[in-house]
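This report concerns only the one structure given below.
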Amino acid sequence: MRVEEITESGIFKFITKDDSSSDFLGQLEILDGGKGKIILSMVNPTSLPCNLGEQFNLIGNLHTNNNCIFTDCFIVSQPGFGCGDVSIVFNYALLKLDDDIFDNEIKALKSGKDIAINGIHFGIDNLDLWVITNDIFNIERCRASNKVSIICNMRDDIILYQDDIVIISVVFSYSWTGLPVVVNAKVSESPYIEINKKEGIFSIDELWSYLHKFLSFMVLLLGEQTCINSMNAIHVNKGKRSYSRFIFQGDFLLKEQVSLSWHDINFSLNDVIKLNEEVNIFSNWMTRFEKIAPSIELYGTYKIVNSKYSEINFLWMAQSVEALHRRINDRKEHSVADYDKMCNELRECCPKEYLTWLEPKLKYGNEISFKSRLTEFLDDTRNILNNHSYNYHAIKLDFSDKEFGKFVSDIVRYRNYYTHYDPSMKKTNIDRAKKLIALSSLLELILLIQVLKFIGLTDKHFCVILSKWQNKIGKLLRNTKFLLKNYYK
């Protein structure tokens with residue numbers, strides 16, 4: 001999460017059941033990324049109601065941020081004796097709560113409950129490009145009256161996904177120049193995402209699960225990593241909604257927003273709305289995500305780190321593809337009945353002292369090889385891209401069977417070498433580095449097409465998205481073809 005850094009002094013108080021804590025002067029520090037720290041100035045550290053290693057919650061009233069709550073706090077350092085600074089870290093912070101919500105949150109924390117949040121309202125990088133459409137602003141000029149009019153067609157909330165628990169929506173806020181207009185008149189639209197609980201409050205784990213699934217999907221839709229750039233908690237009290245700034249330390253931080261143009265985006269909001277009508281793409285992602293999560297997490301790391309070492313990028317992509325196939329395909333070398341029979345026969349003829357060694361081998365002995373998994377995925381990707389109904393040569397993977405066999409063989413060999421290390425394959429030169437770059441690009445293309453197919457896209461959809469040469473996945477396809485043709489001569 002990218003946040004504006006905060007350094008502010010104020011008064012802090014520990015939340016205790018008997019409300020016996022004294023007030024302490026201190027300073028709040030929140031760094032970009034959401035990492036927070038509180039420094040309390042102590043005259044007598046023995047007056048602290050909590051000790052090192054104990055978890056607690058704090059209230060803060062600061063110079064500009066009043067009614068603040070800090071939860072899951074820990075003391076990380078304090079003076080052994082005498083006066084000095086006590087350093088405290090926290091996981092979550094709610095800043096500038098309404099009075100009623102503030103009182104309710106304190107009561108909940110005193111009784112041992114978590115903070116009460118009914119939803120979150122947040123912005124992410126490049127969301128304005130994702131929601132762009134041509135019919136929001138209309139400019140009309142009347143030459144007869146010598147006037148120019150700007151008409152803004154304000155949009156209603158757009159529901160992306162809902163289940164029995166939540167509603168995930170795109171919401172819009174609008175602002176315009178106040179009167180009197182002295183220099184310029186302006187109307188602007190700002191999009192945000194809301195995740196609202198239908199009834200009751202979120203548990204923290206429940207909230208993070210939905211947020212993580214949503215952000216992971218946005219990476220696929222945008223074609224680039226994205227980062228939260230604003231976050232507010234939503235509180236509902238007696239039918240009235242209020243907001244407080246919500247701070248937490250995210251898993252990663254993009255210091256700068258990734259630069260995108262609207263035509264770089266794989267799937268715009270309008271594309272997603274159409275796909276939701278045809279294949280319910282958003283619902284499929286949210287309900288099937290857990291099955292492919294390990295592969296998506298590996299791919300996300302690959303996108304974030306983007307190592308300068310071709311070997312590391314190659315290994316990330318190879319592992320991502322293998323993990324995806326393992327999760328969505330249950331094909332085995334032998335039928336369950338045949339394999340059980342084979343295992344029993346092996347156990348009967350195996351000396352007892354070797355059975356402990358044998359059992360782990362039998363547990364995974366029916367798994368198909370990485371080469372088989374890769375070949376199956378590559379053949380299917382070829383069939384999708386080389387579909388005879390496409391009348392667009394640029395999206396076809398026009399390589400011979402022999403060439404594809406070489407790609408598969410090299411991916412398997414290099415993966416095994418960099419994973420298990422075979423000294424006979426030790427070789428470092430520019431040609432191998434180029435091949436690894438080309439193969440990594442091919443693996444990424446396979447992964448994205450297979451993930452999109454898993455959540456419901458058909459040949460018709462692939463034809464549309466891949467024929468857009470400017471979007472990220474279209475560029476990836478063309479770059480992959482270029483690299484393979486130039487580095488595998």
Side-chain angles (χ1 to χ4, degrees), residues 1 3 13 15 17 19 57-62 64-72 90-124 127 131 152-176 178 187-215 228-248 269 273 276 282-283 286:
M1 178 167 65
V3 298
K13 186 176 182 178
I15 299 177
K17 290 183 178 180
D19 205 23
N57 305 305
L58 284 172
I59 299 169
N61 280 294
L62 311 175
T64 60
N65 289 289
N66 61 323
N67 287 4
C68 301
I69 291 177
F70 307 92
T71 68
D72 297 351
F90 56 86
N91 283 339
Y92 309 106
L94 295 172
L95 308 182
K96 300 190 74 170
L97 288 151
D98 285 359
D99 290 341
D100 291 343
I101 300 299
F102 183 64
D103 293 339
N104 291 338
E105 293 283 5
I106 292 174
K107 289 177 183 177
L109 291 170
K110 283 182 178 179
S111 64
K113 298 178 182 178
D114 288 330
I115 50 177
I117 296 176
N118 301 96
I120 50 176
H121 172 101
F122 60 97
I124 61 173
L127 188 61
V131 305
C152 175
N153 300 302
M154 293 191 292
R155 291 191 265 187
D156 294 327
D157 299 351
I158 299 172
I159 295 177
L160 298 173
Y161 170 77
Q162 63 176 319
D163 56 22
D164 295 336
I165 300 172
V166 303
I167 298 176
I168 301 178
S169 309
V170 184
V171 300
F172 302 91
S173 67
Y174 295 88
S175 61
W176 48 85
V187 180
S188 61
E189 177 189 74
S190 300
Y192 297 92
I193 301 296
E194 282 194 2
I195 302 179
N196 286 290
K197 187 81 178 279
K198 285 186 172 180
E199 293 183 7
I201 61 175
F202 275 112
S203 69
I204 291 297
D205 288 344
E206 186 179 50
L207 179 60
W208 290 161
S209 175
Y210 281 103
L211 179 61
H212 179 58
K213 290 177 185 178
F214 173 81
L215 292 176
I228 294 172
N229 53 40
S230 67
M231 173 68 76
N232 288 287
I234 300 171
H235 310 275
V236 180
N237 184 35
K238 299 178 181 179
K240 178 186 174 184
R241 283 165 64 99
S242 63
Y243 301 86
S244 65
R245 192 172 179 191
F246 189 23
I247 303 292
F248 59 89
L269 174 60
I273 291 172
N276 270 346
F282 225 103
S283 179
M286 298 297 287

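If you read the sequence from its start, that first residue is 1, and numbering goes on from there.
- The closest side-chain heavy-atom distance from D163 to Y210 is below 4.5 Å.
- One distance of note links CD1 of I115 with NE2 of H235; it measures 8.0 Å at 0.5 Å rounding.
- K213 places none of its side-chain heavy atoms less than 4.5 Å from the side chain of I168.
- The closest donor-acceptor contact from the side chain of D114 to the backbone of S203 lies at 3.5 Å or more, if one exists at all.
- Using cut-offs of 30° and 60° for the angle between ring planes, the F214 and F122 rings count as perpendicular.
- Residue-environment remark: NZ (K113) stays at or below the threshold of 12 foreign heavy atoms within 6.0 Å.
- By the 4.5 Å heavy-atom criterion applied to side chains, I201 and I117 are not counted as neighbours.
- Of the inter-residue distances, the one linking I101 atom CD1 with I106 atom CD1 reads 12.0 Å to the nearest 0.5 angstrom.
- Side chains of I195 and F202 form a contact here, defined as non-hydrogen atoms less than 4.5 Å apart.
- Interatomic distance, L95 CG to T64 OG1, rounded to the nearest 0.5 Å: 9.0 Å.
- Taking CD of E105 as the start and CG of D103 as the end, the distance is 10.5 Å to the nearest 0.5 Å.
- Between the side chain of N118 and the main chain of G200, a donor-acceptor pair closer than 3.5 Å is present.
- Side-chain contact check for Y174 versus R155: some heavy-atom pair is nearer than 4.5 Å.
- Going from atom CD1 of I59 over to atom CZ of F102 covers 4.5 Å, rounded to the nearest 0.5 Å.
- Between L269 and L160, the closest side-chain pair of non-hydrogen atoms falls below 4.5 Å.
- Put simply, the side chain of S230 gets close to the backbone of G123: a donor and an acceptor are under 3.5 Å apart.
- Using a 4.5 Å heavy-atom cutoff, the side chains of I159 and I167 are in contact.
- Looking at N61, its side chain does come within 3.5 Å of a backbone N or O of N67 through a donor-acceptor pair.
- Counting non-hydrogen atoms of other residues, nucleotides and ligands closer than 6.0 Å to CG of N153 gives a total above 12.
- V170 is not listed as a side-chain neighbour of D157, based on a closest heavy-atom distance of 4.5 Å or more.
- The CG atom of L97 sits 11.0 Å away from atom CZ of F246, with the distance rounded to the nearest 0.5 Å.
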